[in-house]
Amino acid sequence: MTEEKSLNFIEEIIEEDLKNGKYTSILTRFPPEPNGYLHIGHAKSICLNFGLGIKYGGNTNLRFDDTNPAKEETEYVDSIKEDVKWLGFEWANELYASDYFDQLYGFAVQLITKGLAYVDDSTAEEIAAMKGTPSQAGTDSPYRSRSIEENLRLFKEMKEGKYQDGEKVLRAKIDMAAMNMHMRDPIVYRTKHAHHHRTGDAWCIYPMYDFAHGQSDSIENITHSICTLEFVPHRELYDWFIEKLEIFPSKQYEFARLNMTYTVMSKRKLLQLVTESYVSGWDDPRMPTISGMRRRGFTSESIRNFCDKIGVAKRENMIDFSLLEFCVREDLNRKALRAMAVLDPVKLIITNYPDGTTEELVTENGPDESFGTRIAPFSREVWIEREDFMEVPAKKYFRLFPGSKVRLKSAYIIECTGCVKDNEDNVTEIHCTYIPESKSSNDTSGISVKATIHWVSVPHAAEAEIRMYDRLFKVEDPSDEEGDFKNYINPDSLQVVKPAYLEPSLKDAALGTSYQFIRKGYFCLDRDSTVERLVFNRTVTLKDAWSREVKKG
RNA sequence: UGGGUUAUGGUGUAAUGGUAACACUGCAGAUUUUGAUUCUGCCUUUCUAGGUUCGAAUCCUAGUAACCCAACCA
C-alpha cells in the first residue's frame, strides 16, 4: 500500500552517509536572517530541512543568522518563529549566530595566529579594486604582510572600539589569484558601531556571513547544511575555514530555490511592496509570505503538500501558481464548512410563496455526513447571484431565464416567470413561482432540473465586506520584464465586494475556519472583521467550467 | 569573453545502461441538489551533433543555451 517515492538528491546523500556509517544520525538547520518575513520559498526550505530531520529520525535547529545588526529586528524573529510553528514544525533548539560571537572572535584570533588572516586598513573601494575581475587576478593588499603580533594587536583594538566604521577590516589570507572570487582574501570581520537586537552594544565588530555561517553549523554539529544554489561558490570558503580551524566538518549542499509565476520572491522586492504601500503589509493576503497566505486562508497542510509536490533538485524552476491553487482546493474541499453567500446580489421574488412566512430549511454543513446539518431560513424574497439569471440565455446556459426551472439549494424548485428592469435596462427583480411539492429531501414533484443555485433570504441576510484576491502581478515573471517590477502589478489584485449577503449562520464564523461559499470559492474571516462589520477574504475560487465556456465564446 | 551550476512535455519531478513515467495545466466525456468534488479518456517530452553499446535520458567527445559569482549583505 505504501507508495514508492523516489529520493531527491539530498536524501540520496543522507541515505548513503547513514548506510556507510559516516553518521549515525543527522542534524539539519533552518537559518533565516531576521530581516524580513518568511515567504513560500522559505517554506520550501523549511519543509526540506525539517522534513529530513523527521524522515531520518534526526533533529533540526532554528538558527537566526543575525550578523548584520543594521538590518535585523526582533519583530522579524518573532514572525519567523510563528510561521515555522504554524507550518507545523518543531525545532530542536532556538539558536542565534550572535550566540557564537565570542567563539567566532576566538576563531578569528586562531586564524591570525596561524598567519591566515590580517587586518587591512584599505578602504572599501580600494579592496574592491584590488579584488580584480573574474578573468583577471587580484593584487595583494599593502597590509597583507603585517606580522602576526601586529595583526593580533590591531584586531584586539578593533574589538575595543579604537576604530571608526570602515577604517579597518580583518581578512582571511588565501589567494588573490583564485578563480573563485570568494577566495580572494575575503573580509571576515568588519567594524560596525551598531546596536544589535540581541547583543546590544557589546560588540562594534561583526563577523561576515561567510565567517559565521559555516562555523555556526560546525559548532552545532550540523551534518547536512542545506542552502540554495547561489551559495555554491561559497562552499570552497566554507570548507576552507572548517579545515583551517580544525572543527566539525559540516557539509554544505545546495538546491534550487523556488520561483512561482505571477509573484516575486526576493525579500528586497517584498519589502519594497510593503514600505511603498503597494500592499497593506507583510501579511497582506496577496503577498507570497507565509503570514499573508495564512491570512488569506491557505492551510499549512496545503502548503506542506505543495512543497512536497514541487520536489527538490538543482535546476532553475518556475512553478505554476495553479499548482498551489490545486493544493489548497484539494485540502479545503475536504475540510471547509459549506455555506451560502451571494456576492453580486439581485432580488428574486417567489410570487406564489406566502408573504411574511419563514421556513427553516435543513442544509448540510460539509462534504459528508460527519459535518452534520444546520438551519437556513427561507422566505418569499431571496438574494441570488446576478450571473445566475439571463433574460436571454446564452447557448448551453442552464440556470434561470424566463420559462426555465432550477432548484434553490436545499429548498424548492422554482420556475422563472420574468423580470423587472430599471430605465437603464438593468434587472432589478426576478420573478418566479415555486413548486410546493418539490421541497428538498421530500420531493414528490417528479421534476428534474439541470441547475441548483444558492440563495440567501432577504430579511435574514447578514451583510459583509468580501475581499476578492487575484494574482499580484499581471505577468508570469515580473522580475524578468523590462524596467521596474512594480510596473507589472495587477491593478485588480484586490476587489472589494460590499455588501455581499450571507446566510445568518455566518455571523458566528470564527477566525481561522475555512468556508466554502457554495459555487463561489473558499473564504475565511479576516482579522479586520468586527461584530458590526463582517469581513471575509477569498482564499481561492472554485474551478469554474462555465466561465471557461463563456470565455471560449 | 575567467570560474561554477544546470539542461527530460506548457510547468514541475522520476526513470541510476533495458518499455520515458507521475502530478499540475489544457482538452473531451460520465456522474452530480455546488457547471464544485468524483470518475474516464486524450494531447504534448529526453538541448544539438557525433561516438561507445545488442541496447543510451543515463557513458564518452565537441558544441549550444540558461542561471550564479567581482557587497565592509545574507
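Just so it is clear: chains get the letters A, B, ... in the order the sequence lines come, proteins before strands, and each one is counted from 1.
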Can you tell me the Watson-Crick or wobble partner of B:C73, both distances under 3.5 angstrom? none
Pick the nucleotide of RNA chain B nearest each of A:Lys396 and A:Leu323; which residue has the one closer to the 5' end? A:Leu323
For A:Tyr397, answer base if it contacts any base atom (sugar-phosphate contacts may also be present), sugar-phosphate if it contacts only those atoms, and nothing otherwise; contact means non-hydrogen atoms under 4.0 Å. base
So, applying ring pair (Phe, Tyr, Trp, His ring centres under 6.0 Å) with A:Trp383, which one of A:Tyr501, A:Trp455, A:Phe389, A:Phe378 is it? A:Tyr501
Using a 4.0 Å heavy-atom cut-off, does A:Ala124 contact any base of the nucleic acid, only the sugar-phosphate backbone, or nothing at all? base
Could you tell me how far apart A:Glu126 (CD) and B:A71 (P) are, to the nearest whole angstrom? 15 Å
Can you check the distance between B:A15 and B:C22, where both ends of the measurement are the P atom (answer in whole Å)? 15 Å
Using the P atom as the point on both nucleotides, what is the distance between B:G4 and B:C47, in whole Å? 22 Å
Considering only atom P, compute the distance from B:G18 to B:C60 and round it to an integer number of Å. 16 Å
Looking for any heavy atom pair under 4.0 Å, which part of the strands does A:Phe231 touch: base, sugar-phosphate only, or nothing? base
Should B:U1 form a Watson-Crick or G-U wobble pair with both distances under 3.5 Å, which nucleotide is its partner? none
Step-by-step side-chain hydrogen bond (donor to acceptor under 3.5 Å, both in side chains) determination, A:Tyr397 to A:Glu387: CA-CA 11 Å; A:Tyr397 186 83; A:Glu387 65 171 14; over 6 Å; no
Atom-pair distance (CE on A:Met265; P on B:A74), nearest Å: 23 Å
Looking only at side-chain atoms of A:Pro134, point me to the closest of B:G35, B:A14, B:A70. B:A70
Watson-Crick or G-U wobble partner for B:U61, using a 3.5 Å limit on both distances? B:A49
Regarding the side chain of A:Lys71, the nearest nucleotide among B:C72, B:U33, B:C73 is B:C73
Is A:Thr123 touching bases, backbone alone, or none of the nucleic acid, heavy atoms closer than 4.0 Å? base
How many Å lie between NZ on A:Lys439 and C1' on B:U33, as a whole number? 15 Å
Using a 4.0 Å heavy-atom cut-off, does A:Ser448 contact any base of the nucleic acid, only the sugar-phosphate backbone, or nothing at all? nothing
Below 30° counts as parallel, above 60° as perpendicular, anything between as tilted: where do the rings of A:His234 and A:Tyr209 land? perpendicular
Hey, is the side chain of A:His234 pairing donor to acceptor with the base of B:A74 inside 3.5 Å? yes
Closest approach to the side chain of A:Ile518, judged atom by atom: which nucleotide of B:U37, B:U34, B:G12 is it? B:U34
Side chain of A:Thr452 only, please: which of B:A36, B:C72, B:U34 is the nearest? B:U34
Taking only the side-chain heavy atoms of A:Leu229 (C-beta and beyond), determine which of B:C68, B:U5, B:G10 contains the nearest atom. B:U5
For nucleotides B:A56 and B:A49, find the distance between their P atoms and express it as a whole number of Å. 15 Å
Could you please name the partner base of B:G35, counting Watson-Crick and G-U wobble pairs only when both distances are under 3.5 Å? none
So which nucleotide does B:G26 pair with, by the Watson-Crick or G-U wobble rule with both distances under 3.5 Å? B:C42
Contact class for A:Leu542 vs. all strands (heavy atom < 4.0 Å): base, sugar-phosphate, or nothing? base
Does the ring center of A:Phe321 lie less than 6.0 Å from the ring center of A:Tyr262? no
Under 4.0 Å, counting only non-hydrogen atoms across every strand here, what does A:Asp544 touch: a base, just sugar-phosphate, or nothing? sugar-phosphate
Which listed nucleotide (B:G26, B:G35, B:G12) is nearest to the side chain of A:Arg548? B:G26
Using a heavy-atom cut-off of 4.0 Å across all strands, would you classify A:Phe398 as base, sugar-phosphate, or nothing? base
In the structure shown, which nucleotide is the Watson-Crick or G-U wobble counterpart of B:A20, with both distances under 3.5 Å? none
Just to be sure I understand the rule, does A:Gln516 reach a base, reach only the sugar-phosphate, or reach nothing, if contact means heavy atoms closer than 4.0 Å? base
Whole-Å gap separating P (B:U5) and CG (A:Asn180): 11 Å
Would you say A:Tyr209 stacks on B:A74, if stacking means ring centres under 5.5 Å apart and planes within less than 30 degrees? no
Matching residue for A:Leu154 among A:Lys159, A:Lys162, A:Arg146 - test: side chain to side chain contact (heavy atoms under 4.5 Å, CB included): A:Arg146
For the residue pair A:Arg29 / A:Ser225, report whether a side-chain donor-acceptor contact shorter than 3.5 Å exists. yes
Taking B:A66 as the reference, what is the distance to B:A28 when you measure between their P atoms (whole Å, please)? 37 Å
Please give, in whole Å, the distance from B:C67 C1' to A:Arg257 CZ? 12 Å
Could you measure between the two C1' atoms, the one in B:A57 and the one in B:G17, and give it in whole Å? 11 Å
Closest to side chain of A:Lys131, choosing from B:A70, B:C73, B:U33: B:A70
Give the ring-plane orientation class for A:Phe155 versus A:Tyr189, where under 30° counts as parallel, over 60° as perpendicular and anything between as tilted. perpendicular
Check ion pair A:Asp388-A:Arg519 (N to O, under 4.0 angstrom): yes
In whole Å, I'd like the distance from the CG atom of A:Asp308 to the P atom of B:C24. 14 Å
A:Ser322 near the nucleic acid: base, sugar-phosphate alone, or nothing, with a heavy-atom cut-off under 4.0 Å? sugar-phosphate
Do A:Glu72 and A:Tyr96 have side-chain atoms, one donor and one acceptor, less than 3.5 Å apart? no
What nucleotide among B:G12, B:C72, B:U34 has an atom nearest to a side-chain atom of A:Arg519? B:U34
Between B:A21 and B:U34, how many Å separate the two C1' atoms, rounded to a whole number? 34 Å
So A:Arg334, base contact, sugar-phosphate only, or nothing? Heavy-atom distance under 4.0 Å. nothing
Taking salt bridge (charged side-chain N to carboxylate O under 4.0 Å, His left out) as the criterion, tell me which of A:Glu364, A:Glu385, A:Glu503 meets it with A:Lys409. A:Glu364
Out of B:G2, B:G35, B:U33, whichever nucleotide has its closest atom nearest the side chain of A:Met179: B:G2
From B:U8, B:U33, B:G2, pick the nucleotide closest to the side chain of A:Arg315? B:U8
Provide, to the nearest angstrom, the distance between the CD1 atom belonging to A:Ile127 and the C1' atom belonging to B:A70. 13 Å
Looking across every strand, which nucleic acid part, if any, lies under 4.0 Å from A:Ser441 by heavy atom: base, sugar-phosphate, or nothing? base
Residue met sooner reading RNA chain B from 5', once A:Asp65 and A:Arg338 are mapped to nucleotides: A:Arg338
Sugar-phosphate only, base, or nothing, as touched by A:Val232 at under 4.0 Å among non-hydrogen atoms: sugar-phosphate
